[in-house]
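Only a predicted model underlies this, so the values are computations on that prediction, with no experimental measurement involved.
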Amino acid sequence: MTPVSDPSSFSSLSKCATKHLNLIYHVDFDRHVLKGKVALTVEVLEDKFSSLTLDSKDLKIFKVSANGQAAQFALGTKHKFKGSPLEITLPFELSRGQHVIVEIEYETSPSATALQWLTPKQTAGKKHPYLFSQCQATHCRTMVPCQDTPSVKHTYYAQVSVPRELVALMSALRDGQEPDPSDSSRVIYRFRQPVSMPSYLIAIVVGALESREIGPRSRVWSEKECVDEAAFEFSETETMLKTAESLAGPYVWSQYDVLVLPPSFPYGGMENPCLTFVTPTVLAGDRSLAGVIAHEISHSWTGNLVTNRTWEHFWLNEGHTVYIERMIARCMESEQLRQFKGIGGWKELQESVKQFGANNVLTNLVPNMHEVDTDEAFSLVPYEKGFALLYHLEELMGGPEVFMGFVKSYIQLFAYGSVTTEEWKNYLFTYFKDKVDILNKVDWNGWMHTPGMPPVKPQYDTTMADACTALCQRWVKAKEEDLASFTEADVKKLNSPQLIEFMALLLQEEPFLLSHVKKMQEVYQLNSVKNAEVRFRWLRICVKAHWEEAVPLALKMATEQGRMKFTRPLFKEVYNFSKYSDEAVKTFKEHRGALHPVTAMLVAKDLKIDG
């Protein structure tokens with residue numbers, strides 16, 4: 001293994017490694033804090049070991065002990081996004097191979113970026129408060145002092161005390177519950193995660209949750225208001241799990257549950273082990289749900305089982321996950337659908353590169369993360385540039401079956417560990433040792449370390465995309481007198497992924513004339529489409545065309561849910577319509593308190609607020 005240094009972490013990685021974490025939480029909804037105690041079982045990696053550094057951010061540390069003896073500690077200078085190093089001095093010296101249990105009593109801050117505390121009115125039920133966490137990439141340190149780096153993996157055990165009318169869940173197996181002996185109005189939930197995993201996958205949710213069984217190893221959880229709809233929507237989960245196992249090997253996490261969160265959850269999904277978190281924006285009865293779940297299921301292998309060693313290698317998590325997700329689509333639907341998804345992904349990559357700027361080093365497949373905030377670097381680049389590279393290699397190496405064989409073998413080799421791009425590439429050359437001459441011709445520097453679009457555009461089968469392109473071009477070329485030729489039948493022929501693709505194509509064109517956009521609404525009735533993927537693109541097209549009636553609809557969608565994929569571009573689009581820039585800022589400020597802290601920080605940047 002290459003020596004580890006992680007630019008996004010302060011913790012001592014060469015000196016010691018956390019093997020297990022024992023967490024005790026008291027969830028305080030009045031003060032918006034977790035009162036906690038964590039015991040870290042740490043393996044010593046060097047002789048004369050007597051001090052260690054952990055990551056922490058905005059934590060109040062009360063007391064530290066090592067093997068039961070008081071230990072001295074100090075918080076270092078606070079870094080603008082990495083937090084403060086927690087420096088611990090042990091009251092004794094240890095040798096390589098020994099273990100020490102470091103116990104820390106602490107409390108989180110109400111502004112901890114890993115946590116969002118929702119008031120009852122921000123929930124579906126309107127009666128009880130709600131708490132959820134999102135640790136990826138570097139927010140775990142705001143809820144647990146730890147080695148907050150994906151290069152360190154550990155098991156964990158937890159007990160969580162919550163008001164008894166609420167339910168707690170974690171990214172682990174449920175291990176029973178009991179009344180809280182110190183407070184009869186509370187209950188303690190217990191959890192265990194026997195598979196080693198990185199800190200960013202620790203997750204907690206507390207709310208008025210119910211569940212329904214959706215398969216032999218799966219339940220869906222949400223507030224009772226949408227649990228039945230969710231159970232119906234996620235009925236294909238077991239089929240998808242079995243398909244993934246046939247591609248990637250056995251599922252090692254035992255349980256695969258899905259939690260549907262309130263609307264402010266900032267991502268489409270988060271692959272927390274045993275309990276995938278998903279946005280409620282996928283419940284609009286369409287196929288984009290299958291994509292989200294296939295993606296999160298695939299992470300059970302690439303990401304959770306084999307993990308990027310540092311965030312510079314994030315593409316190893318996401319590129320492979322998109323590759324497996326699309327292989328699932330190939331198995332369950334058709335190869336044409338996989339090809340079609342590849343085309344859509346390439347278009348999203350173009351949009352991402354355009355937003356960052358084609359010379360921005362953050363569009364490198366392997367970016368330098370020194371002094372870079374992982375939240376600001378987050379984009380679709382590692383997903384879609386990563387997929388494009390893997391698909392390009394698939395074409396060179398002999399097709400999907402051959403290349404999936406490599407991916408499965410890579411997963412088996414690096415399972416339970418973490419990996420760098422260099423190690424991945426070395427194994428690629430070993431596995432395809434008879435095709436090294438072809439691999440040597442790949443422009444590795446162009447793919448990995450050069451900003452902008454990839455050096456090669458893969459050749460995708462355009463069968464499913466042709467209808468979308470043709471309809472888009474009809475609209476682009478249409479003069480006023482041609483508008484009468486459009487009818488409802490144009491879009492009735494398209495399935496849901498094709499309608500999304502049609503919208504994405506329109507969005508890539510120069511802004512349309514207002515008359516065209518109004519005609520589109522008249523014949524296709526797009527304002528009444530519930531599918532969030534279609535709706536958010538349609539509203540951007542309208543605002544780009546300066547259709548003033550669309551502005552309140554765009555701002556409504558930007559604020560009634562908080563998925564960054566939708567919220568950021570919608571706010572930006574309205575902000576760029578100069579007549580409504582102030583309206584965008586005013587609306588954001590009114591709703592800021594209801595947005596997730598990371599979403600709020602990034603939208604504020606987009607709208608040039610806060611410096």
Tell me whether the centres of the aromatic rings in [X] and [Y] are closer together than 6.0 Å.
X: Tyr200; Y: Trp311; value: yes
X: Tyr267; Y: Phe277; value: no
X: Phe132; Y: Phe265; value: yes

With a 3.5 Å distance limit and no angle check, can you tell me whether [X] reaches the backbone of [Y] through a side-chain donor-acceptor pair?
X: Ser218; Y: Gly215; result: no
X: Lys385; Y: Gly452; result: yes
X: His392; Y: Val456; result: no
X: Thr567; Y: Gln561; result: yes
X: His320; Y: Leu316; result: yes
X: Thr363; Y: Val353; result: no
X: Ser171; Y: Leu201; result: yes
X: Glu351; Y: Lys347; result: no
X: Glu223; Y: Gly125; result: yes
X: Asp148; Y: Arg141; result: yes

Are side-chain N/O atoms of [X] and [Y] paired as donor and acceptor at under 3.5 Å?
X: His591; Y: Glu560; value: no
X: Ser352; Y: Gln355; value: no
X: Glu395; Y: Gln459; value: no
X: Ser300; Y: Glu271; value: no
X: Asn308; Y: Trp315; value: no
X: Glu573; Y: Tyr580; value: no
X: Thr302; Y: Thr321; value: yes
X: Thr463; Y: Gln339; value: no
X: Ser8; Y: Thr138; value: no

### Task
Please work out which of the three classes, parallel, tilted or perpendicular, describes the rings of His546 and Phe577, given edges at 30° and 60°.
parallel
Restricting to non-hydrogen atoms, name the atom on [X] and the atom on [Y] that form the minimum distance, rounded to 0.1 Å.
X: Arg326; Y: Gly342; answer: NH1-CA, 4.0 Å
X: Ser264; Y: Gln116; answer: OG-OE1, 2.9 Å
X: Ala532; Y: Thr281; answer: CB-O, 3.8 Å

Nearest-0.5 Å distance that lies between atom [atom1] in [X] and atom [atom2] in [Y]:
X: Glu229; Y: Ser222; atom1: CD; atom2: OG; value: 9.0 Å
X: Phe512; Y: Ile541; atom1: CZ; atom2: CD1; value: 7.0 Å
X: Ile328; Y: Leu241; atom1: CD1; atom2: CG; value: 8.5 Å
X: Asp582; Y: Tyr575; atom1: CG; atom2: OH; value: 8.5 Å
X: Gln498; Y: Asp466; atom1: CD; atom2: CG; value: 10.0 Å

Any side-chain heavy atom of [X] sitting closer than 4.5 Å to one from [Y]?
X: Ser515; Y: Glu480; result: yes
X: Tyr130; Y: Leu166; result: no
X: Leu259; Y: Leu209; result: yes
X: Thr237; Y: Met240; result: no

Run the salt-bridge test on [X] and [Y] with the 4.0 Å N-O cut-off and return the result as yes or no.
X: Lys565; Y: Glu533; answer: yes
X: Arg474; Y: Asp490; answer: yes
X: Glu394; Y: Arg330; answer: no
X: Lys586; Y: Glu590; answer: yes
X: Glu348; Y: Arg537; answer: yes

Residues, nucleotides or ligands: over 12 heavy atoms within 6.0 Å of [X] [atom1]:
X: Lys126; atom1: NZ; result: yes
X: Glu481; atom1: CD; result: yes
X: Gln473; atom1: CD; result: yes

### Query
How far apart are the C-alpha atoms of Arg563 and Thr279, what are their side-chain angles, what is the distance that settles it, and do they pass the side chain to side chain donor-acceptor pair (under 3.5 Å) test?
CA-CA 7 Å; Arg563 186 175 173 187; Thr279 168; 5.0 Å; no
### Query
Residues two or more places apart in sequence or in another chain: which of them pass side-chain hydrogen bond (donor to acceptor under 3.5 Å, both in side chains) with Glu238?
Arg217, Lys242
### Task
Check the pair Phe486 / Tyr524 against ring-ring contact (aromatic ring centres under 6.0 Å, His included), numbers first and verdict last.
CA-CA 9 Å; Phe486 293 101; Tyr524 302 156; 7.0 Å; no
